[in-house]
Amino acid sequence: MTFYTEDIEEDIEDHNDPLVLTLPVTGCNIKKILIDGGSSVNVLFYDTFKGMGLNDEQLMSSYYTIYEFNGAPTKPLGDIVLQVDAEPVKVDTRFSVVDAPSPYNSIIGRRWVHKLKGVA
């Protein structure tokens, strides 16, 4: 993914905003995906999971706890592998499905960015 000079608004001030994208995930256009270079886990929030028409039977067991997330240890409901379409690359991505409130629909971490040979 590349941004060009014409993509920048002329009157925009310096900012430190997070990188938030919309990407097709298994055929669903998912908005508000946070690209978090500090995260070692890809997270799909349960509300988004259900909104994509996925069901709990598709989840694989997860035997780990996510730390440093929402201020408390968090046990995922399970994991699921979904295809993320970051044109021209399509990447099968393992997500931990978490039932927690969030302003984002998903968080994608550094391993995914590295698969694309990208830097956020």
Side-chain angles (χ1 to χ4, degrees):
M1 181 174 316
T2 305
F3 297 97
Y4 298 98
T5 305
E6 57 267 15
D7 294 325
I8 301 172
E9 296 176 23
E10 288 186 34
D11 62 346
I12 195 166
E13 295 181 30
D14 288 343
H15 61 85
N16 193 16
D17 295 338
L19 179 57
V20 179
L21 304 175
T22 298
L23 292 169
V25 179
T26 309
C28 296
N29 216 24
I30 304 299
K31 297 179 180 180
K32 296 192 295 182
I33 298 175
L34 174 66
I35 305 301
D36 182 357
S39 178
S40 60
V41 175
N42 302 311
V43 175
L44 181 65
F45 292 96
Y46 192 61
D47 288 344
T48 305
F49 173 83
K50 294 304 272 184
M52 293 172 70
L54 302 171
N55 60 58
D56 293 358
E57 291 77 33
Q58 293 173 275
L59 291 173
M60 298 174 280
S61 296
S62 58
Y63 300 99
Y64 56 88
T65 300
I66 301 172
Y67 293 92
E68 304 290 326
F69 178 79
N70 276 349
T74 302
K75 177 81 172 132
L77 300 174
D79 288 356
I80 190 164
V81 176
L82 302 172
Q83 187 177 75
V84 179
D85 187 357
E87 286 292 333
V89 180
K90 295 180 181 184
V91 180
D92 288 336
T93 305
R94 186 181 195 102
F95 289 92
S96 295
V97 178
V98 174
D99 191 8
S102 174
Y104 304 105
N105 292 314
S106 178
I107 298 172
I108 293 182
R110 65 179 171 263
R111 290 183 185 150
W112 183 85
V113 174
H114 290 184
K115 278 185 182 180
L116 296 178
K117 297 182 178 14
V119 177

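It should be emphasised that the depicted structure is a prediction, and the values quoted were computed from it without experimental measurement.
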Nearest-0.5 Å distance, [atom1] of residue [X] to [atom2] of residue [Y]:
X      : Y     : atom1 : atom2 : answer
Ser96  : Asn42 : OG    : CG    : 7.5 Å
Ile35  : Leu21 : CD1   : CG    : 4.5 Å
Trp112 : Thr93 : CH2   : OG1   : 7.0 Å
Thr65  : Lys75 : OG1   : NZ    : 5.5 Å
Ser102 : Leu34 : OG    : CG    : 8.0 Å

Compare every heavy atom of [Y] with every heavy atom of [X], then report the nearest pair and how far apart it is.
X      : Y      : value
Asp92  : Lys115 : O-NZ, 3.3 Å
Ser62  : Asp79  : CB-OD1, 3.6 Å
Gly78  : Leu59  : C-CD2, 4.0 Å
Pro76  : Ile66  : CG-CD1, 3.9 Å
Ile108 : Phe95  : CG1-CE2, 4.2 Å

Look only at the side chain of [X] and the backbone of [Y], and say whether a donor-acceptor pair between them is shorter than 3.5 Å.
X      : Y     : result
Thr74  : Ala72 : yes
Thr26  : Gln83 : yes
Asn105 : Ile33 : no

In the single-linkage hydrophobic clustering (I, L, V, M, F, W, Y; side-chain heavy atoms under 4.5 Å), do Phe45 and Tyr64 co-cluster? yes
Should Val81 and Ile107 be regarded as members of a common hydrophobic cluster, given that ILVMFWY residues are connected when their side-chain heavy atoms come within less than 4.5 Å of each other, either directly or indirectly? no
Contact between [X] and [Y] at the side-chain level, heavy atoms closer than 4.5 Å - yes or no?
X      : Y      : result
Met52  : Leu44  : yes
Ile30  : Tyr104 : no
Arg111 : Val41  : no

Just checking Lys31: does its NZ atom have more than 12 heavy atoms from other residues, nucleotides or ligands closer to it than 6.0 angstrom?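 Incorrect, the count does not exceed 12.
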Run the side-chain contact (heavy atoms from CB on, under 4.5 Å) test on Phe49 and Leu77 for me, step by step, so that the C-alpha distance in whole Å, both residues' side-chain angles and the decisive distance to 0.1 Å come before the verdict. CA-CA 11 Å; Phe49 173 83; Leu77 300 174; over 6 Å; no
